[in-house]
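Only one structure is covered here, and it is reproduced in the block below.
Remember, predicted model here, so these are calculated numbers, not experimental data. Positions are given from 1 along the sequence.
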Amino acid sequence: MSFGTTHRESLTLDGLTHEEFIAASITVGESLGWIVQSLKEDSLELTTPERTDGSYELITITIDGKNAEIKSEPDGPGFGTTSPNKQNVDDFINALNPAIKNLTPEIVDAKLEEYDEDFEFKEDAEIAESDVPEIVEDESKWWSVFVPSKDFFITPILVNLNIAVFLLMAISGVGIFEPEISGLLKWGANFRPSTLDGEWWRLFTSCFVHIGIFHLAMNLIALVYIGALLEPVIGRTKFLFAYLLTGIAASAASLSWHSYTVSAGASGAIFGMFGVYLALITTNLFDAETRKALLKAIGIYVVINLVYGMKEGVDAAAHIGGLLSGMVIGYSYYVGLRDTVWDSKDTFGMAGSAFVSVGYTVFILMTTPNDAAMYDKTMEQFFKNQTKALQLYSLPESSSADDYLREIRTTGLPLWKENASLLKTVEGLDVAPHLLERNKTLAAYSQLRVSTYELLEKMYAENTNAYDSTLKADYEKIDSVLKIINGE
């Protein structure tokens with residue numbers, strides 16, 4: 001199997017007249033479902049049936065002396081569907097000999113007269129414009145990108161699914177231009193603290209959540225483009241399989257790179273599909289001329305988007321993760337696409353790509369530290385300790401000095417010392433800078449509490465008011481620190 005932008009082969013006429021070869025070519029074209037567009041003395045143009053996206057192939061047969069050239073090239077207003085041009089030429093050549101064997105003078109005359117009653121061989125003869133079936137771009141077919149067809153089936157479904165999720169988000173109150181972080185997280189955006197804290201499904205759902213309508217539009221344009229190119233080459237099952245695997249792998253790459261970034265969108269999976277296509281066009285699945293043209297076009301697109309992805313606010317990690325995982329999958333698909341008879345190779349390729357992609361994702365999940373979750377748990381313990389330690393000031397007025405001493409020694413002072421230690425354990429965690437600054441303030445606050453409780457312990461043990469002024473100064477410092485903590 002081979003795909004390409006243009007493919008041509010040369011044949012000898014083997015004693016056939018020009019009329020006979022043209023008549024045989026018309027017979028072959030009709031048997032293949034092709035449509036005659038132009039008939040001249042030494043040339044014939046046919047087209048394949050038009051697809052739903054408006055694309056088709058133009059097949060040209062040109063006779064020069066005792067030789068003929070058969071050329072197939074893409075044409076039409078479609079979205080760049082990869083045309084099976086080599087397959088068209090191979091099909092023509094395979095059907096030509098049987099057509100020639102069955103050729104009679106009556107068939108030659110009938111075929112030529114069928115397309116031009118006054119057919120005469122004149123070197124510069126032209127078919128009247130009214131005699132040529134027109135293939136006109138139908139602008140009403142823009143909706144074809146939303147309608148599944150034979151070779152363009154999964155892509156429209158993915159387009160519709162992304163749009164449906166976006167509409168549901170909008171209906172639920174999520175902003176369509178600048179959606180709130182809370183809304184994105186509610187609908188399944190990827191966020192390391194949440195994803196690593198048991199919500200692994202975000203690796204999948206984030207591929208269908210978009211950060212505004214412009215983000216959605218740009219991704220869907222790219223999805224339609226690569227889908228029209230790739231889906232006809234690898235088929236529905238492998239296309240969907242690759243899309244989901246690369247999307248999840250891209251989310252895992254983003255997760256490993258960003259500690260507190262909320263990421264979402266189909267771009268990781270789309271880059272993955274470009275990676276699949278990029279891998280395939282470096283193989284002999286495509287002819288040399290096609291490889292050169294496609295590598296240049298796709299390579300430029302990928303490089304530009306990778307560079308753009310380096311700007312602030314764009315998830316470059318997801319793009320790179322999707323692209324690389326897509327290339328791995330593309331190479332794993334190659335053997336099955338080349339040898340279509342060996343179904344086991346095709347299955348092995350899909351299984352191998354799944355093993356690599358899933359293995360990579362699991363590795364990221366198992367090895368990426370969830371510092372945010374650790375920080376949250378530490379701070380949760382900190383505030384629980386604080387609540388218990390401050391119960392000293394809620395003791396009944398009738399409490400004795402011994403009651404105060406017991407509360408200080410068994411609960412208050414140990415818990416404040418524990419809090420000071422807890423804050424030291426989170427100093428090296430990868431958390432937001434404002435949290436690190438907050439920790440410094442909380443550490444100073446904890447030390448003031450330790451100092452205050454130690455003075456209170458002395459005061460009640462010695463039954464003295466000698467520490468009143470020092471305690472007053474400490475309480476004032478505590479009030480000042482609390483105002484900073486509370487943002488006052």
Which heavy-atom pair separates [X] from [Y] by the least distance, and what is that distance?
X: P369; Y: L196; answer: O-CD1, 4.0 Å
X: Y453; Y: A389; answer: OH-O, 2.7 Å
X: R192; Y: S256; answer: NH2-O, 3.2 Å
X: I154; Y: R236; answer: CG1-O, 3.6 Å
X: T411; Y: K388; answer: CG2-O, 3.9 Å
X: F274; Y: A222; answer: CE1-O, 4.3 Å

In this structure, which one of [options] forms a side-chain contact (heavy atoms from CB on, under 4.5 Å) with [X]?
X: L455; options: D468, V450, L471; answer: L471
X: Y467; options: E454, E457, K458; answer: K458
X: W187; options: S172, S182, S206; answer: S172

Main chain of [Y], side chain of [X]: is a donor-acceptor contact present, judged purely on distance under 3.5 Å?
X: T246; Y: G326; result: no
X: T205; Y: G188; result: yes
X: S332; Y: I329; result: yes
X: D315; Y: S263; result: no
X: Y277; Y: I226; result: no
X: T378; Y: M374; result: yes

Review point. So, F271 versus H319, ring centres under 6.0 angstrom or not?
Key: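 Yes; H319 has its ring centre under 6.0 Å from that of F271.
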
Check your understanding: Considering residues at least two apart in sequence or located in another chain, which fulfil the side chain to side chain donor-acceptor pair (under 3.5 Å) criterion with T282?
Key ->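 Expected list: Y331.
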
Practice item. Look at the aromatic rings of F382 and W416 and report parallel, tilted or perpendicular, splitting at 30° and 60°. Key: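 Ring orientation of F382 relative to W416: perpendicular.
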
Practice item. Identify, with sequence neighbours excluded, every residue that meets side-chain contact (heavy atoms from CB on, under 4.5 Å) alongside F383. Key: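 With neighbours one apart ignored, the set is M379, Q386, R438.
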
Check whether more than 12 heavy atoms from other residues, nucleotides or ligands sit under 6.0 Å from atom [atom1] of [X], and answer yes or no.
X: F363; atom1: CZ; result: no
X: D479; atom1: CG; result: yes
X: Y475; atom1: OH; result: yes

Point to revise | Lys/Arg-Asp/Glu bridge criterion (N-O < 4.0 Å) met for K440, E437 | key: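 Yes, this pair counts.
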
Point to revise | CA sep, side-chain torsions, deciding dist, call: K384, E380, salt bridge (Lys or Arg N to Asp or Glu O under 4.0 Å) | key: CA-CA 6 Å; K384 284 182 179 179; E380 182 180 355; 3.8 Å; yes

Check your understanding: Side-chain donor-acceptor pair under 3.5 Å between S194 and D197, yes or no?
Key ->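 Note: S194 and D197 side chains miss the donor-acceptor criterion.
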
